[in-house]
Amino acid sequence: MIRSRVGEAIVRAQAAGELPAVAVERVEVEVPADPAHGDYATNAAMMLARPMRMAPSRIAQTIVRYLDLRDSSLSEATVAGPGFVNFRLGDDFKAPTLQAVLGDPEHYGASRALAHRHVLLEFVSANPTGPLNVVSARAAAFGDTLAAVLECAGARVVREFYVNDAGAQVLRLGQSLRARILEQTGQPFVPVEQGYAGEYLVDVARAYLQEHGVPQEGADADRELGSYAVAAIMAGVRQDLLTYGVRFDSFFSERELHERGAVRDLLAELQARGETYAADGAVWIRTSAHGDDKDRVVVRSDSTPTYLAGDLAYHRDKLRRGFTELVDVVGPDHHSHTRTMEAGMRALGAPGRLRYLVVQHMRLVHGETAVKMSKRGGDFVPLTELVAEVGRDAARFFFLMRAHTSPLDFDLELAKREGQENPVFYVQYAHARIQSLLRQADAPQVNWSARDLDHPEERQLLVWLARFPEEVLWAAERMEPHRLTRYAQDLAGAFHGFYTRHRIWGEAPEVTARRLALAQATGIVLRRCLALLGVSAPDRM
RNA sequence: GCGCCCGUAGCUCAGUUGGAUAGAGCGUUUGACUACGAAUCAAAAGGCCGGGGGUUCGAAUCCCUCCGGGCGCACCA
């Protein structure tokens, strides 16, 4: 909004010949670090100083002169510092803000800004060979909230989990299940080499015996067992995701992809494009011609397709389903693969459609000391164990407090504490406090005006409420959902500050009424924000 | 060796694509409940933004180069 006003002012000034007619790039508007500098600011004048060959302060003054702030909720624009233009919200923003929040509590903050985007968001995609573990927890929280934020900003998003239910690992899983089944029949347990020795297969083995009895020998039977295990494990994975508050729209089977002939079609297309060649008994793709360090094998010398072939076929399928944008959330261990895949997509003639978000590693710590994340047998700590220990709210909030590009230390001790040092409780407490206030009695039916919310704390709180839609949009555009945890803390802080200084009940009826409205609106926005984060907003704590 | 992520207060981390006096939480210190939830609030101390060069009106941010920490470099998935 401010952006376009400033842009219009520049255009008018240029038309009037007061500013040189140079091309103007995107005008950036920011929230100043120091509230004394106003509610918003733009550095457009300084950005334009060089191309216009004018002093920033003169440009800023000209912009201000041509600025039209009518119908804008902005009251003043001033030139400050080396050439900033600072804006202050006028009283006009108060009533519309409260009205927007209270009038549509379920949608405040939502917009249609990204309605033109149709995103396939793939995340987690953990191997279906064991329960979801703590390594997936960060990506799951990140992906789920990213999807929610994108949707809130108007984008169409499909959340997809790629199930790697094809290939050698399923065979090994089947063999591992057989070993557990034999164990159930009284024979000694013999772990499969490179297999899965986790306890979780014991239950699966019991269920299998009950349903089917002792399986036949042979590789075909092993594969059958593998599929059975995948189905059982994935059922558990879905359940775990559900209790973690993570929703998927689609589980995409790699096996079905192969059965449908998608991999064969992909290879045919690559060949038709001249992007493959035979060498050493294998088929290679020319990824090095598209930015990868070397060419890669797509069909092994035993004529089975590699994972890369399957993944390329999968992403080709995503494009065929009509998505304009493919976003993959992966762990740091897939880093080198991203480069190969991007090269492969270029080879397919679809450059720039796939974007990888690499979520960095996390560590579990207990105060100062690191906690081992794998248990005996090499299995990682299950996600369910983390959730059982610290709770879903703390788990998700903590994972989302940091940028995904930063490694993260998850402090189990801090997450469990129910005190002021725990940011989750700080935010939730603000919400509970508000609900407690609203519970006290029915609001008196009196006329009140939002314009009278004049104390600095009241005004500041309103400013935070007004900013929520921008925060959501910003988080969506940048794909940085962690911004919202910060916003939640800032908003909660603004409320606590307001609450300590001002009484709500016991004042004149119109004062009580408008402060209640303010508190209620704050509660709504807190709940909206926490909902995006997948964190509950309790009425009592 | 090559590629990527990270290095900012004692600790964990933000820093809005190069802007104003570098911020927050925790921890530390000091204050504030005979009124709506003190799980809160107010204030203080704490920094060569890993080091060194460069780019320009201006650098935590961009470039180069070192130093440290992490991850990855398969006819595995």
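Lettering of chains follows the sequences in order, A, B, ..., and the numbering in each one begins at 1.
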Considering only heavy atoms and no angle criterion, is a donor-acceptor pair shorter than 3.5 Å present between the side chain of [X] and the base of [N]?
X: Asp165(A); N: A77(B); result: no
X: Arg402(A); N: U12(B); result: yes
X: Ser436(A); N: G37(B); result: yes
X: Ser301(A); N: C75(B); result: yes

What is the nucleic acid contact for [X], judged by heavy atoms within less than 4.0 Å: base, sugar-phosphate only, or nothing?
X: His502(A); result: base
X: Leu408(A); result: sugar-phosphate
X: Asp539(A); result: base
X: Asn86(A); result: base
X: Arg339(A); result: sugar-phosphate
X: Ala403(A); result: sugar-phosphate

When the [atom1] atoms of [M] and [N] are compared, how many Å lie between them, rounded to an integer?
N: G18(B); M: C49(B); atom1: C1'; answer: 15 Å
N: C6(B); M: C71(B); atom1: P; answer: 16 Å
N: C63(B); M: C5(B); atom1: P; answer: 10 Å
N: U55(B); M: U28(B); atom1: C1'; answer: 42 Å
N: G70(B); M: G50(B); atom1: C1'; answer: 16 Å
N: G27(B); M: U12(B); atom1: C1'; answer: 11 Å
N: A59(B); M: C64(B); atom1: C1'; answer: 15 Å
N: A22(B); M: A60(B); atom1: P; answer: 9 Å

d([atom1], [X]; [atom2], [N]) in whole Å:
X: His334(A); N: C76(B); atom1: NE2; atom2: C1'; answer: 10 Å
X: Phe425(A); N: A39(B); atom1: CZ; atom2: P; answer: 13 Å
X: Arg483(A); N: U17(B); atom1: CZ; atom2: C1'; answer: 11 Å
X: Arg501(A); N: A43(B); atom1: CZ; atom2: C1'; answer: 12 Å
X: Glu480(A); N: U17(B); atom1: CD; atom2: C1'; answer: 10 Å
X: Phe397(A); N: A24(B); atom1: CZ; atom2: C1'; answer: 12 Å
X: His335(A); N: C76(B); atom1: NE2; atom2: P; answer: 22 Å
X: Gln360(A); N: C5(B); atom1: CD; atom2: P; answer: 8 Å

Among [options], find the nucleotide with the atom closest to the side chain of [X].
X: Ala282(A); options: C75(B), A77(B), U40(B); value: C75(B)
X: Val297(A); options: A24(B), C75(B), G15(B); value: C75(B)
X: Asp280(A); options: C75(B), C36(B), G72(B); value: C75(B)
X: Pro407(A); options: C36(B), A77(B), C5(B); value: C5(B)
X: Pro332(A); options: A77(B), U40(B), C71(B); value: C71(B)
X: Thr500(A); options: A14(B), A39(B), C41(B); value: C41(B)
X: Met541(A); options: U17(B), A77(B), A39(B); value: A39(B)
X: Ser406(A); options: A77(B), C13(B), A35(B); value: C13(B)
X: Gln440(A); options: A14(B), C36(B), A74(B); value: C36(B)
X: Tyr426(A); options: A20(B), C4(B), U40(B); value: U40(B)

| task | State yes or no: are the ring centers of Tyr487(A) and Trp464(A) separated by less than 6.0 Å? | result | yes

| query | Is the base of C4(B) syn or anti, if syn means a glycosidic angle within 90° of 0? | reply | anti

| With syn defined as a glycosidic torsion within 90 degrees of 0 and anti otherwise, which applies to U12(B)? | anti

| Relative to the 5' end of RNA chain B, which residue comes earlier, Ala166(A) or Arg363(A), by the nucleotide with the nearest heavy atom? | Arg363(A)

| Position toward the 5' end of RNA chain B (nearest nucleotide), Ala279(A) or His482(A) | His482(A)

For [Y], is there any backbone N or O sitting under 3.5 Å from a side-chain donor or acceptor partner on [X]?
X: Asp411(A); Y: Leu414(A); answer: yes
X: Ser176(A); Y: Ala197(A); answer: no
X: Thr287(A); Y: Ala343(A); answer: no
X: Asp295(A); Y: Ser288(A); answer: yes
X: Thr42(A); Y: Ala44(A); answer: yes
X: His315(A); Y: Asp311(A); answer: yes

| Lys NZ or Arg CZ of Arg459(A) over Phe498(A) ring: under 6.0 Å, within 45° | no

| field | Contact under 4.0 Å: Arg433(A) side-chain N or O vs A38(B) OP1/OP2 | value | yes

| said: Please determine whether a side-chain nitrogen or oxygen atom of His361(A) lies at a distance below 4.0 Å from atom OP1 or OP2 of G69(B). | reply: no

| field | Rounded distance (nearest 0.5 Å) linking atom CD1 of Ile504(A) with atom CG of Leu518(A) | value | 8.0 Å

| Pairwise distance CD(Gln428(A)) to CG(Asp539(A)) - rounded to 0.5 angstrom | 11.0 Å

| said: Walk me through whether Phe161(A) and Phe252(A) qualify under ring pair (Phe, Tyr, Trp, His ring centres under 6.0 Å). | reply: CA-CA 6 Å; Phe161(A) 187 122; Phe252(A) 194 96; over 10 Å; no

| field | Intra- and inter-strand pairs of RNA chain B in dot-bracket (Watson-Crick or G-U wobble, both distances under 3.5 Å; | for another strand) | value | (((((.(..((((.....[...)))).(((((.......))))).....(((((..]....)))))).)))))....

